[in-house]
K.L.:
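Below is one structure. I have some questions about it.
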Amino acid sequence: MHYTTHPERGDSLLTLAEFARFIGILQTPINQRQRHGDLKMVSIKVAINGFGTIGKRVADAIDAQEDMEVSGVTKTGPSFGCELAIKKGFPLYCTFDDEDMIEQFSKQGYPCSGGLSALLAISDVVVDCAPGKLGAENIEKYQSAGIKYIFQGGEKHELTGLSYSSSANHMENMNAKGSRVVSCNTTGLSRTLVPLFEHCGSLKVECTMIRRAADPGDSGKGPINAIKPVLKVPSHHGPDVMTVKPEIEINSLAVAVPTTIMHVHSIVADLPADHGLTTESILQMWADTPRVIIMNGAEDRIPTTAEVMEMARDIGRKWGDLHEIFIWEDGVKLIGDRLYYFQAIHQESDVIPENVDCIRALMGVEEDWRKTVAKTDASISRYYSSLS
Ligand code: NAD
C-alpha cells in the first residue's frame with residue numbers, strides 16, 4: 001500500500017476518497033457508479049464554478065471533508081486567483097468551453113484541464129459561486145450535464161424553486177436536483193430565529209440589516225462616506241427567510257454603511273403569549289444551537305464588529321473567517337412578549353459550511369441536519385488546526 005502525505009492536512013494517511021481513487025473506482029461520477037451498483041462508500045465529486053470570495057472558501061470546506069472532494073474549480077481567465085487553486089492542488093478549468101479562452105491559461109503559465117463542460121462531466125454536483133444573477137444562464141449548463149447544482153443567495157429563490165438553510169429545511173432538500181443556499185444575512189436570521197420558532201410555534205419579526213458596504217477584496221462598491229438606505233421596502237433579506245421557514249412572519253429594512261467587515265442585524269421578535277421563555281433561557285437556547293457564538297460585549301471587551309473580527313482571526317481559520325453568528329449577550333432583552341437583540345454576521349463565511357450540508361442533502365447521504373452540521377464543522381476545525 002502506498003501512503004502519501006496530504007498537501008494541506010499534512011497527515012500521513014490516505015483518506016477514504018484518496019484510497020478509493022487509488023484503487024480506481026472513483027473515476028466516474030456517483031450517478032453512473034450507482035447505476036453500476038459497485039459502490040458502498042462514496043466520495044462526492046464537487047465542481048466549484050466561480051473561484052472568487054465564496055468559491056475559494058467553499059473549495060477549502062469541501063477539501064476538509066472525508067466524504068467529498070473538489071473535482072475542479074473554474075476561473076474566467078488567468079488571474080492571481082489561479083495561483084491559489086494551483087497551490088491547493090485543485091484542478092483548474094476555464095468557466096467557458098471556448099478553446100481560445102482555455103489556451104489563455106497555459107499562455108500565462110497556469111495548467112488548465114479544459115472548459116466547464118469537461119469539469120461537469122466528471123462531477124456529481126456543482127456549487128455555483130458566480131456573481132449573482134448569472135444563474136439563469138448557468139442552470140441550463142448544469143441541467144444538460146445531468147448533475148446536481150447549488151446556487152448562492154445572489155440568485156432568486158424562483159431559479160431553483162427550493163432554498164436551503166441547515167437548521168431550517170435540510171430534510172426538504174434531501175435528494176433534490178438543485179437548491180439555493182440563502183444569502184449570508186438570511187442564513188444569519190435563520191440560525192437564531194428557527195430555534196425560537198421551533199420552541200414558540202409562531203413568530204413575528206421586524207429587523208433592520210445594517211450591511212457592510214463591500215467585501216474587503218472589493219474595489220468597486222460603496223458607500224465610503226454615507227449611510228445608504230435600501231429604498232425597496234421591505235428589503236428582500238427578511239422575507240427570504242420564508243423560503244426556508246415559511247411559518248415565520250418576517251419583514252426587514254436594510255441600510256449599507258461604510259465598513260467592510262461584518263453585517264449587524266437589529267431584531268425585534270414578537271413571541272406568542274404562552275412562550276414561557278426568559279432572556280436567560282433564550283440565551284441558553286442559542287448557546288445550544290450549532291454555529292452561534294454568544295459573548296458579553298462589556299465583560300469580554302468585545303463591544304464592536306472590529307473586536308469580533310479580531311477574535312475570529314484568533315480562531316485560526318483561513319481569511320479570518322467566522323462561520324458562526326455572533327450575539328452580544330448584553331444586547332439581548334425580552335420585555336413582555338417582545339424580544340430585542342443584535343447579531344453580527346461575517347458575510348464572506350457564514351454560508352460556507354451550509355454549502356457542505358446542502359451537498360449532503362442533495363446527494364441524499366445524511367438526513368439529520370445536526371449530524372451533517374457536526375460532521376462539517378469537525379472536519380473544518382481539524383483541517384485548519386492541522387495548518388496552524
Ligand atoms: P466574487 O465576485 O467574489 O466571485 C465570483 C467569481 O465568479 C469570480 O471569480 C468571477 O470571475 C467568476 N465568474 C464571473 N462570471 C462567471 C460565470 N459566468 N460563471 C462562473 N463564474 C463566473 O463573488 P462572490 O462574493 O463570491 O459571490 C458569489 C455568490 O455568492 C453571489 O451569488 C453572491 O451574492 C453570493 N454571496 C456572496 C457573499 C459575500 O459576502 N461575498 C455572501 C453570501 C453569498
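Numbers for residues simply follow the sequence, beginning at 1. Whatever order the structure lists them in is the order used to number ligands and atoms, beginning at 1.
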K.L.:
Looking at Arg212, which atoms of ligand 1 are within less than 4.0 Å of one of its heavy atoms?
P.N.:
39 (C), 40 (O)
K.L.:
Could you identify the single nearest non-hydrogen protein atom to atom 36 (N) of ligand 1 and state the distance to 0.1 Å?
P.N.:
Ile54 CG1, 3.8 Å
K.L.:
So among Asp377, Asp350, Thr187, which one has a side-chain hydrogen bond (donor to acceptor under 3.5 Å, both in side chains) with Arg291?
P.N.:
Asp377
K.L.:
Could you list the atoms of ligand 1 found under 4.0 angstrom from a heavy atom of Gln152?
P.N.:
29 (C), 30 (O), 32 (O), 35 (C)
K.L.:
Show which atoms of ligand 1 fall inside a sub-4.0 Å distance from at least one heavy-atom site of Leu134.
P.N.:
15 (N), 16 (C), 17 (C), 18 (N)
K.L.:
What I want to find out is whether Arg191 reaches Glu354 closely enough, with some N-O distance under 4.0 Å, to be called a salt bridge.
P.N.:
yes
K.L.:
If we set the cut-off at 4.0 Å for heavy atoms, which region of Phe51 has an atom near ligand 1: side chain, backbone, both, or neither?
P.N.:
backbone
K.L.:
Considering Gly50, Cys129, Cys94, which one's heavy-atom position lies nearest to atom 5 (C) of ligand 1?
P.N.:
Cys129
K.L.:
Looking at Lys245 and Glu198, is any side-chain nitrogen of the basic one under 4.0 Å from a carboxylate oxygen of the acidic one?
P.N.:
yes
K.L.:
I need the atoms of ligand 1 closer than 4.0 Å to a non-hydrogen atom of Asn138, numbered in the order shown.
P.N.:
19 (N)
K.L.:
Pick one: which of Lys318, Lys87, Arg317 meets salt bridge (Lys or Arg N to Asp or Glu O under 4.0 Å) with Asp60?
P.N.:
Lys318
K.L.:
Any atoms of ligand 1 less than 4.0 Å from a non-hydrogen atom of Thr95? List them with their elements.
P.N.:
17 (C), 19 (N), 20 (C), 21 (N)
K.L.:
Backbone N or O of Lys75 within a donor-acceptor pair of the Thr95 side chain at under 3.5 Å?
P.N.:
yes
K.L.:
Quick test of your reading of the structure: of Ala130, Pro131, Gly154, Gly132, whose heavy atom lies closest to atom 29 (C) of ligand 1?
P.N.:
Ala130
K.L.:
Does the protein place a non-hydrogen atom closer than 4.0 angstrom to atom 23 (O) of ligand 1?
P.N.:
no
K.L.:
Considering only non-hydrogen protein atoms, determine which one is nearest to atom 4 (O) of ligand 1 and report residue, atom name and distance to 0.1 Å.
P.N.:
Gly52 CA, 3.4 Å
K.L.:
With a 4.0 Å heavy-atom cut-off (strictly under), which part of Thr76 contacts ligand 1: side chain, backbone, both or neither?
P.N.:
side chain
K.L.:
Run the contact test for Lys75 against ligand 1 with a 4.0 Å cut-off on heavy atoms, strictly below, and give the result.
P.N.:
yes
K.L.:
Go through Tyr341 and Thr192 one step at a time and tell me if the side chain to side chain donor-acceptor pair (under 3.5 Å) criterion holds.
P.N.:
CA-CA 10 Å; Tyr341 68 104; Thr192 52; 2.9 Å; yes
K.L.:
Heavy atoms only: which of Asp128, Thr53, Asp215, Asp350 lies closest to atom 41 (N) of ligand 1?
P.N.:
Asp215
K.L.:
For the pair Glu348 and Arg57, find out whether any cationic side-chain nitrogen is under 4.0 Å from an anionic carboxylate oxygen.
P.N.:
yes
K.L.:
Classify the ring geometry of Phe342 against Trp328: parallel below 30°, tilted from 30° to 60°, perpendicular beyond 60°.
P.N.:
perpendicular
K.L.:
Does Arg338 pair with Asp270 as a salt bridge, N-O distance under 4.0 Å?
P.N.:
yes
K.L.:
Taking all atoms of both residues into account, what is the closest heavy-atom pair of Leu277 and Leu196, and its distance?
P.N.:
CD1-CD2, 4.0 Å
K.L.:
Can you tell me which residue and heavy atom of the protein come closest to atom 42 (C) of ligand 1, and the distance to 0.1 Å?
P.N.:
Gln347 O, 3.0 Å
K.L.:
Taking the non-hydrogen atoms of Ser183, is any one of them nearer than 4.0 angstrom to ligand 1?
P.N.:
no
